[in-house]
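Just so we're clear, the structure is a prediction, and the values are computed from it rather than from any experiment.
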Amino acid sequence: MTRAGYAWIVTEQSITGNALQFAPEGLLAIKLHGGTNTSAHISDALKVVAKGYHSYLQTDGPTNSGPPQHCRTDVPWESGHIFYKNMVEAIIPHGSIGRIEFDSSGDMIAADYKIENLQNGNLVQIGSWMAGSDPVDIHKPNSIVWPGGARTPPVGFEISNHFRVVSIKSHPFTYVDPTLDDGSCLEDDALECTDHEGNAKCCSGFCMDLLVKLSTKLNFTFEVHLVTDENYGAYERINGTNKKTWTGLIGELVNERADMIVAPLTINQERTKVMDFSKPYKYQGLAILIKRPINTNNLSQVVRPFETKLWIVIFASIHLVAVILYLLDRFSPFSRPKRNQDEPDSCNISQAVWFTWSVMFNSGVGEGTPRSFAARVLGVVWAGFAMIIVASYTANLAAYLVLDKPKGGIMGINDARIRNPSASFKYATVQRSSVETYFKRQVELSSMYLFMKDRNYKNAQDAIDALKRDEIQAFIWDSAMLDYEAARDCSLVTVGELFGRSGFGIGLRFNSPWTYKMSLKILNFHENGVMEELDSKWIRRQNICSRSDDQPRTLEMSSMGGVFILVAGGLVFSCFCIWVEILYKRKQDAKKRQLDLARVAVENWRSTVKVRLNFQAKLQERRRAGKMLNQVSQSSAAEKHNGVQGPAALEKEMDGTMPACLLSRRSQRSKLPPPPTAASRWNSAGHSAAMQARQPLYGEFELKERV
């Protein structure tokens with residue numbers, strides 16, 4: 001760069017001291033007028049300090065603290081910034097080196113400079129620049145020696161600071177919206193742009209905000225228009241001829257219809273041959289977008305933690321242990337209560353079954369617990385078994401319900417359905433894009449490229465719409481945009497790991513002087529968090545899907561449907577059981593009533609037969625007693641006739657000695673009703689009356705017999 005055709009312009013520092021001997025021949029340097037006059041600089045410096053201190057004392061000095069006693073103190077001077085402000089505002093119109101005036105940063109804004117040229121190792125003044133004068137005064141332009149010993153200045157070109165920027169519609173990097181009726185944009189941060197027909201549009205997004213920040217920091221202006229053919233750019237033949245040209249965004253840059261590309265443009269080897277790229281402002285790779293598989297949760301979700309065989313073994317174990325508990329408690333000699341103790345007997349089979357189910361579900365057992373020691377040992381072992389089973393079931397159920405993720409249709413770029421294309425599984429990308437070029441360049445992916453070649457879409461949005469309509473089963477594109485789409489639409493999901501890693505960069509013309517500046521500023525944005533802010537504003541804020549694939553999913557109704565079906569089944573079964581119990585109870589009550597009626601009828605028949613037999617027996621006794629009385633009467637009459645006391649006298653004599661109760665019963669003998677007939681025997685009222693009236697008669701007979 002020291003040969004002819006170049007120019008070197010340096011500051012005073014590059015030609016001071018030993019640096020001068022390394023300076024190339026023909027350089028141009030600027031030197032402050034009087035810069036080597038040390039006494040003049042000291043004199044002007046004292047004038048600045050004096051004037052600044054005078055202003056300090058006149059305004060704020062009396063009310064502020066004084067300066068520190070030495071420079072090695074850790075306590076700052078509280079009024080130091082006020083003193084510095086007064087010194088910066090000091091102006092010396094006629095100093096030793098000229099007018100002395102400073103800006104807010106303390107740099108001189110009124111300085112005179114000499115322009116010198118290095119010729120044969122010596123500096124020769126060829127011009128000057130005075131404060132307040134715009135053009136540079138060159139005294140001897142023909143005497144300037146340029147690098148390489150040339151006497152004529154090198155041919156240069158003007159570096160423009162106005163750019164024609166081209167972009168492409170691609171969410172979330174560039175949104176394109178129509179203008180309002182008054183020609184303004186709805187969004188405050190939107191930029192005015194034009195489409196390929198020259199219509200005014202409003203452009204916003206990640207790239208537009210980045211463009212504004214770069215223009216502010218690098219001090220350039222711009223105008224934005226959208227690409228004509230809506231392509232990113234590919235190197236293609238023209239109408240089947242051998243001539244090739246670039247299309248899309250790159251074509252506009254190469255054909256000088258644009259100066260800069262600000263879009264999600266991937267950096268690759270083919271493009272860097274015809275254009276410059278800045279450092280990547282967004283690092284990304286290629287990903288695969290598919291429709292999120294429908295959740296396979298069904299009503300049997302609650303039984304998934306255990307396989308069918310294990311459920312059968314658990315169910316059988318519950319009832320087997322219940323039977324063994326019943327047998328242990330039944331045959332144990334210590335399970336029966338002692339005498340005079342109000343304790344329940346050994347548990348029956350239903351209580352044993354209830355005990356095993358209650359322990360399994362950790363509910364209250366209540367009554368019917370085993371009483372024998374052997375049965376209780378088995379109960380403790382069963383409780384430990386139930387605890388392990390329930391804990392294992394709970395852990396597996398939580399894993400299935402919360403952490404279970406739907407499996408994607410494919411596993412990534414190495415999936416067999418991707419590597420071995422078939423009509424049953426279609427996938428595509430965007431035409432004339434870097435992704436298509438990537439598959440075309442990779443030999444091992446050539447079969448995929450040939451499969452997608454006739455199925456690729458014009459832009460990413462058309463491909464995503466086709467994926468939602470099930471026209472294709474997968475869409476391969478840049479990961480940044482696919483992650484954005486998956487965050488906006490929860491029916492979509494990216495699968496597999498990233499491949500073909502690269503980045504998005506700002507596109508500039510080949511050998512552009514702005515490339516280095518753009519790269520430095522983008523690196524500065526990465527360090528200062530500017531890119532992170534743009535990421536949060538345009539990409540992450542669109543995430544309406546609250547759950548990512550790395551987080552537990554929220555339980556849905558379908559996940560717990562089996563539990564509600566289980567409860568509903570329990571309700572139906574319990575209603576069926578109560579219905580069976582009611583029917584059984586009614587049948588038992590009807591049978592019991594029949595037995596009671598039969599029992600009452602038998603008792604009535606027995607009592608009637610007994611009464612009849614008793615009555616007949618008493619009647620026969622009465623008849624025998626009457627015969628005996630007649631015989632006695634006849635013998636008494638004979639005895640009286642023979643001079644012996646008769647029965648009437650004897651009876652009167654006996655009346656004086658009989659008890660009063662016996663006499664009263666004798667007096668009622670004439671009032672006794674006749675024996676019941678067969679027609680009136682079954683009359684309940686007559687029967688009871690006859691029984692009541694008949695009782696004294698039987699008692700009388702008994703008394704007479706005793707007498």
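- The distance from atom CG of L211 to atom CG of L191, rounded to the nearest 0.5 Å, is 6.5 Å.
- Salt bridge R432/D229: absent, no basic N to carboxylate O contact under 4.0 Å.
- In this structure, the separation between CE on M518 and NZ on K217 is 14.0 Å, given to the nearest 0.5 Å.
- Remark: the backbone N or O of E256 is paired with a side-chain donor or acceptor of R164 at under 3.5 angstrom.
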Assess the residue pair I413 and E497 against the criterion (side-chain contact (heavy atoms from CB on, under 4.5 Å)); give the C-alpha distance rounded to whole Å, side-chain angles, the decisive distance to 0.1 Å, and a yes or no. CA-CA 8 Å; I413 189 62; E497 296 181 355; over 6 Å; no
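- At a cut-off of 3.5 Å, with distance as the only test, a side-chain donor of T221 or H162 sits close to an acceptor on the other residue.
- For Q125, the CD atom is densely surrounded, since the number of other residues' heavy atoms within 6.0 Å is greater than 12.
- If you take CD1 on I522 and CD on E527, they are separated by 12.5 Å, rounding to the nearest 0.5 Å.
- Note: W538 and Y484 fail the aromatic proximity criterion, with ring centroids not under 6.0 Å apart.
- A donor-acceptor pair under 3.5 Å is formed between the side chain of T437 and the backbone N or O of S433.
- Applying the side chain to side chain donor-acceptor pair (under 3.5 Å) rule to Q442 yields no partners; only residues at least two apart in sequence or on another chain are considered.
- The shortest heavy-atom contact between Y232 and S170 is OH-OG, 3.3 Å.
- Other residues, nucleotides and ligands contribute only 12 or fewer heavy atoms inside 6.0 Å of the NZ atom of K458.
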Derivation and outcome, side-chain contact (heavy atoms from CB on, under 4.5 Å), residues F439 and M452 | CA-CA 9 Å; F439 283 96; M452 294 189 297; 3.7 Å; yes
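- A donor-acceptor pair under 3.5 Å links the side-chain atoms of E25 to the main chain of N120, judged by distance alone.
- Here the OG-CD1 distance, from S479 to I288, works out to 12.0 Å after rounding to the nearest 0.5 Å.
- Aromatic ring centroids of Y281 and F525 lie 6.0 Å or more apart.
- Proximity of a side-chain donor or acceptor of K282 to a complementary backbone N or O of G503 within less than 3.5 Å is not detected.
- By the 4.5 Å heavy-atom criterion applied to side chains, M208 and S167 are counted as neighbours.
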Quiz item: Given E532 and H526, is the side chain to side chain donor-acceptor pair (under 3.5 Å) satisfied, shown in steps?
Solution: CA-CA 7 Å; E532 189 73 16; H526 279 294; over 6 Å; no
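- In this structure, I506 and I261 have side chains that are not in contact, with every pair of non-hydrogen atoms separated by 4.5 Å or more.
- Counting heavy atoms from C-beta on, the side chains of N456 and V430 never come closer than 4.5 Å.
- Other residues, nucleotides and ligands place more than 12 heavy atoms under 6.0 Å from the CG atom of D182.
- A distance of 12.5 Å separates OH of Y438 from CD of E270, quoted to the nearest 0.5 Å.
- No more than 12 heavy atoms of other residues, nucleotides or ligands shown are found within 6.0 angstrom of CG on D188.
- Put simply, the side chain of L27 does not reach to within 4.5 Å of the side chain of N117, judged on heavy atoms.
- Annotation for I91 and K51: closest pair O-NZ, 2.9 Å, computed over non-hydrogen atoms.
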Which side-chain N or O atoms in residues 196-207 pair as donor and acceptor under 3.5 Å with protein atoms at least two apart or in another chain?
| unit_1 | atom_1 | unit_2 | atom_2 | d |
| --- | --- | --- | --- | --- |
| E197 | OE1 | N199 | ND2 | 3.3 |
| N199 | ND2 | D195 | OD2 | 3.4 |

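- Looking only at side-chain heavy atoms (C-beta outward), V227 and N231 stay at 4.5 Å or farther from each other.
- Within the 6.0 Å centre-distance limit, the rings of F504 and F173 are counted as a close aromatic pair.
- Applying the 6.0 Å contact sphere to NZ of K279 captures no more than 12 heavy atoms from other residues, nucleotides or ligands.
- Using modelled atom types, one finds no donor on one side chain facing an acceptor on the other under 3.5 Å when comparing S55 with E89.
- Residues satisfying the side chain to side chain donor-acceptor pair (under 3.5 Å) test with E485, not counting sequence neighbours, are R488.
- When every heavy atom of S143 is checked against every heavy atom of I126, the shortest pair comes out as OG-CG2, 4.5 Å.
- At a cut-off of 3.5 Å, with distance as the only test, no side-chain donor of N268 or T266 sits close to an acceptor on the other residue.
- No donor-acceptor pair under 3.5 Å is formed between the side chain of H171 and the backbone N or O of M481.
- At a threshold of 4.0 Å, the pair D276-R509 does not count as salt-bridged, since none of the basic side-chain nitrogens sits closer than that to a carboxylate oxygen.
- Of all heavy-atom pairs between T272 and F510, the closest is O-CE1, 3.9 Å.
- Between atom CG of residue L498 and atom CG of residue D478 there is a gap of 10.5 Å, rounded to the nearest 0.5 Å.
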**Residue pair V530, K213: steps toward the side-chain contact (heavy atoms from CB on, under 4.5 Å) verdict** = CA-CA 9 Å; V530 176; K213 292 182 181 296; 3.5 Å; yes
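- S43 places no side-chain N or O within 3.5 Å of a backbone atom of S39 that could act as its donor or acceptor partner.
- Residues F102 and M87 approach most closely at CD1-O, 4.2 Å, considering heavy atoms.
- Between L265 and R271 there is a side-chain heavy-atom pair separated by less than 4.5 Å.
- In this structure, Q461 contributes its side chain and K169 its backbone to no donor-acceptor pair below 3.5 Å.
- Looking at heavy atoms from C-beta onward, D483 lies in side-chain contact with T494 at the 4.5 angstrom threshold.
- Judged purely by distance below 3.5 Å, without hydrogens or angles, the side chains of S278 and S519 never pair a donor atom with an acceptor atom.
- Put simply, the side chain of N255 never gets that close to the backbone of R257: no donor and acceptor are under 3.5 Å apart.
- For N122 (side chain) and L118 (main-chain N/O), no donor-acceptor pair under 3.5 Å exists by modelled atom type.
- Between the side chain of S512 and the main chain of L508, no donor-acceptor pair closer than 3.5 Å is present.
- Ring planes of W246 and Y235: tilted class, angle from 30 to 60°.
- Taking each heavy atom of A263 and L249 in turn, the nearest pair found is CB-CD1, 3.9 Å.
- Side-chain contact between W514 and N161: present, with at least one pair of heavy atoms (C-beta onward) separated by less than 4.5 Å.
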For this session: Show your reasoning for whether side-chain contact (heavy atoms from CB on, under 4.5 Å) applies to D259 and E252.
Result: CA-CA 9 Å; D259 305 314; E252 296 213 4; over 6 Å; no
